[in-house]
Amino acid sequence: MNRFEAVIGLEVHAELMTNAKMFCGCRVVDSVEAPPNSAVCPICLGMPGMLPAINRRAVEFALRVALALNCEIQAENVFARKNYFYPDLPKGYQISQYELPLARHGWLEISLPGGAKRRVGIRRVHIEEDTGKLTHLDGEGSLVDYNRSGVPLLEIVSEPELHSAEEVYAYAVRLRQILRYLQVNSGDLEKGVLRVEPNISLRPQGSSEFGTRTEVKNLNSFRALAAATEYELQRQEAILRQGGEVAQETRGWHEGRRETFSQRSKEEAEDYRYFPEPDLPPLFVDKAWIDRVRQELPELPAAKVDRYQEDLDLSHYDASVLTEDRPIAEWFEAAVKAGGEPKRVANWIINNLFALINESQQEITSIRVTPEGLVSLLKLVDEETISHNSAKDVLVEMFKTGKAPDAIVGERGLAQISDEQALEHIVSKVLALNAQQVQAYLEGKEQLQGWFVGQVMRETRGKANPELANELVTKLLERRR
Ligand code: ADP
Ligand code: MG
Ligand code: ZN
């Protein structure tokens with residue numbers, strides 16, 4: 001039986017988190033929290049005769065993304081009108097870019113399960129504006145909120161170079177991570193500020209022609225993206241195996257039934273009657289602007305993962321976890337800068353701090369433990385002032401109260417007994433109180449060693465330095481032979 005190869009390209013729409021909209025002075029507001037139609041003006045409502053003006057901050061955000069995706073930047077950018085009618089588009093056209101997009105010919109490196117890396121081509125990155133938001137009432141018409149209309153929107157289009165649902169997932173996750181690192185988009189799929197639409201087709205293995213594709217919309221999680229891609233691949237394969245033809249169309253995803261369904265047949269570019277936007281001059285992006293934005297780009301996650309492994313000797317897993325979000329990576333790096341040993345700091349963050357953060361449903365940016373605070377805590381362990389176990393308790397308290405670790409150790413009397421004379425005194429007392437067990441030990445029941453150490457810990461309420469206690473127990477028992 002012949003096999004099929006999956007061919008998939010992704011269209012991603014990302015709203016840009018600028019203060020103002022793309023072509024007017026209205027604020028960009030939260031689509032869920034802001035009262036409907038509270039951030040609108042004659043320009044974004046499409047009143048006749050109103051003139052748009054380009055928000056250069058939005059262009060700068062778009063440049064960040066284009067450069068992070070290794071694209072070539074277009075020096076002269078022309079905006080275009082994409083004409084169509086829909087109630088969420090009061091102007092009757094969307095200002096977009098068509099023939100001359102901001103950026104082209106880039107690539108994004110994705111990490112596949114198992115650690116392999118692959119570059120996926122980026123066909124184009126262009127600037128456009130978002131539409132309003134419709135809410136359909138069950139049988140009672142629809143509501144429209146124009147707060148979103150005119151919000152700067154970036155369209156990022158990949159080459160059809162993805163070949164499985166796993167690759168689609170890896171691409172989307174990595175792209176979202178970069179958008180968040182660049183602080184241009186929150187990556188919130190559920191709120192719709194980031195929308196990922198796979199174009200999916202199959203072709204016989206070895207064929208060089210593309211098959212007919214479908215595009216899947218309204219996916220509001222990465223899980224839905226992967227599930228819908230997988231479903232669509234199987235649906236198309238069943239059609240092709242029966243000798244049928246895949247219809248070129250846009251399909252929706254039904255989360256409850258976990259299947260895609262036909263929404264509308266695919267429109268062609270001609271249908272939009274694109275033409276250059278007469279109300280906007282061309283946008284020139286000069287080299288100086290590009291150079292400055294490039295220089296200001298943060299270190300990106302892929303580079304961080306490599307550096308953490310090579311320079312800081314972390315495992316791939318630790319490096320990946322710590323770089324997932326930029327604030328976490330920055331917190332970690334601040335702790336290392338404060339003198340923390342990288343591997344150890346990494347362990348404390350991953351094994352202890354993350355649990356506290358998750359439990360309290362906070363972000364690392366709002367917690368009361370500082371990177372310097374963690375490093376001072378680890379120092380107390382190194383100096384044997386407190387045990388590793390007490391340190392964990394101290395961290396919990398630091399997390400709750402924001403107090404410095406030495407203050408907590410002082411208040412709670414957690415300082416470990418490492419003074420040899422003091423501890424020897426306690427060990428002697430324990431042996432004196434347990435003559436029977438001492439006798440048994442001397443007669444060969446050497447496993448009692450641990451029990452004596454336990455008694456010392458009990459006597460000191462856990463504050464004895466465990467290694468020293470162990471040494472002294474051996475020493476004093478041997479002395480009785
Ligand atoms: P449109 O804007 O009409 O959807 P584009 O040419 O911009 O068309 O392509 C959109 C996306 O579809 C791109 O990511 C591209 O890689 C992908 N694509 C194009 N042809 C195919 C195909 N035959 N199978 C899968 N994906 C495809
Ligand atoms: Mg499309
Ligand atoms: Zn406006």
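Order of appearance sets the numbers: ligands from 1, and atoms from 1 within every ligand. Note that the structure is a prediction, hence the values are computed from the model and not measured. In this chain, residues are counted from 1 in sequence order.
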May I ask you to list the atoms of ligand 1 that are less than 4.0 angstrom from any heavy atom of [X]?
X	answer
Phe210	23 (N)
Glu159	16 (O)
Gly211	23 (N)
Pro160	16 (O), 26 (N), 27 (C)
Val157	13 (C), 14 (O)
Leu10	14 (O)

List, one per line, each side-chain donor-acceptor pair under 3.5 Å for residues 293-300, sequence neighbours excluded.
residue	atom	partner	partner atom	Å
Glu296	OE1	Arg292	NH1	3.2
Glu296	OE2	Arg292	NH1	3.4
Glu299	OE1	Lys304	NZ	3.1
Glu299	OE1	Arg307	NE	3.4
Glu299	OE1	Arg307	NH2	2.9
Glu299	OE2	Arg307	NE	2.9

I want to confirm something. Looking only at heavy atoms, which of [options] is nearest to [atom]?
atom	options	value
atom 11 (C) of ligand 1	Asn199, Val7, Leu162, Val12	Asn199
atom 14 (O) of ligand 1	Pro198, Ser158, Gly121, Ala6	Ser158
atom 8 (O) of ligand 1	Arg213, Glu197, Glu11	Arg213

- [ ] State whether a side-chain donor-acceptor pair under 3.5 Å links Ser360 with Gln362.
- [x]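 Per modelled atom types, Ser360 and Gln362 side chains form a pair under 3.5 Å.
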Task: Side-chain H-bond candidate by donor/acceptor type, Gln236 with Thr214, under 3.5 Å - done: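 Distance-only check passes for Gln236 and Thr214.
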- [ ] Under 2.8 Å from the Zn ion (ligand 3), which protein N, O or S atoms are there? Could you list them by chain and number?
- [x]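 Those protein N, O or S atoms (cut-off: under 2.8 Å from the Zn ion (ligand 3)) are Cys24 SG, Cys26 SG, Cys41 SG, Cys44 SG.
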- [ ] Rounded to the nearest 0.5 Å, what's the gap from OG1 on Thr229 to CD on Gln234? Could you check?
- [x]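 Going from OG1 on Thr229 over to CD on Gln234, the span is 11.5 Å.
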Open item on the list: To the nearest 0.5 Å, what is the distance between CG on Leu194 and CG on Leu175?
Closed with: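 It is 7.0 Å, given to the nearest 0.5 Å.
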- [ ] Determine whether the side chain, the backbone, both or neither of Thr212 has a heavy atom under 4.0 Å from any heavy atom of ligand 1.
- [x]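 For Thr212, no heavy atom sits under 4.0 Å from ligand 1.
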Task: cation_pi(Lys82, Tyr272) dist<6.0 Å, angle<=45 - done: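 Yes; both conditions hold, so Lys82 lies above the ring face of Tyr272.
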- [ ] Could you please spell out the steps behind the side-chain hydrogen bond (donor to acceptor under 3.5 Å, both in side chains) verdict for Glu60 and Trp289?
- [x] CA-CA 9 Å; Glu60 173 136 354; Trp289 194 7; 3.2 Å; yes
Task: Heavy-atom neighbours of Phe354 CZ exceed 12 at 6.0 Å - done: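 Correct, the count exceeds 12.
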TODO: Return yes when atom OH of Tyr86 has more than 12 non-hydrogen atoms of other residues, nucleotides or ligands closer than 6.0 Å, and no otherwise.
DONE: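 Not buried by this count: 12 neighbours or fewer within 6.0 Å.
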TODO: Please report the shortest heavy-atom distance between Arg368 and Gly402, naming the atom on each side.
DONE: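 Result for this residue pair: CB-CA, 3.7 Å.
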Open item on the list: Donor-acceptor check, side chain of Gln177 to backbone of Thr323, threshold 3.5 angstrom: yes or no?
Closed with: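 Indeed, once roles are kept as given, a pair shorter than 3.5 Å links the two residues.
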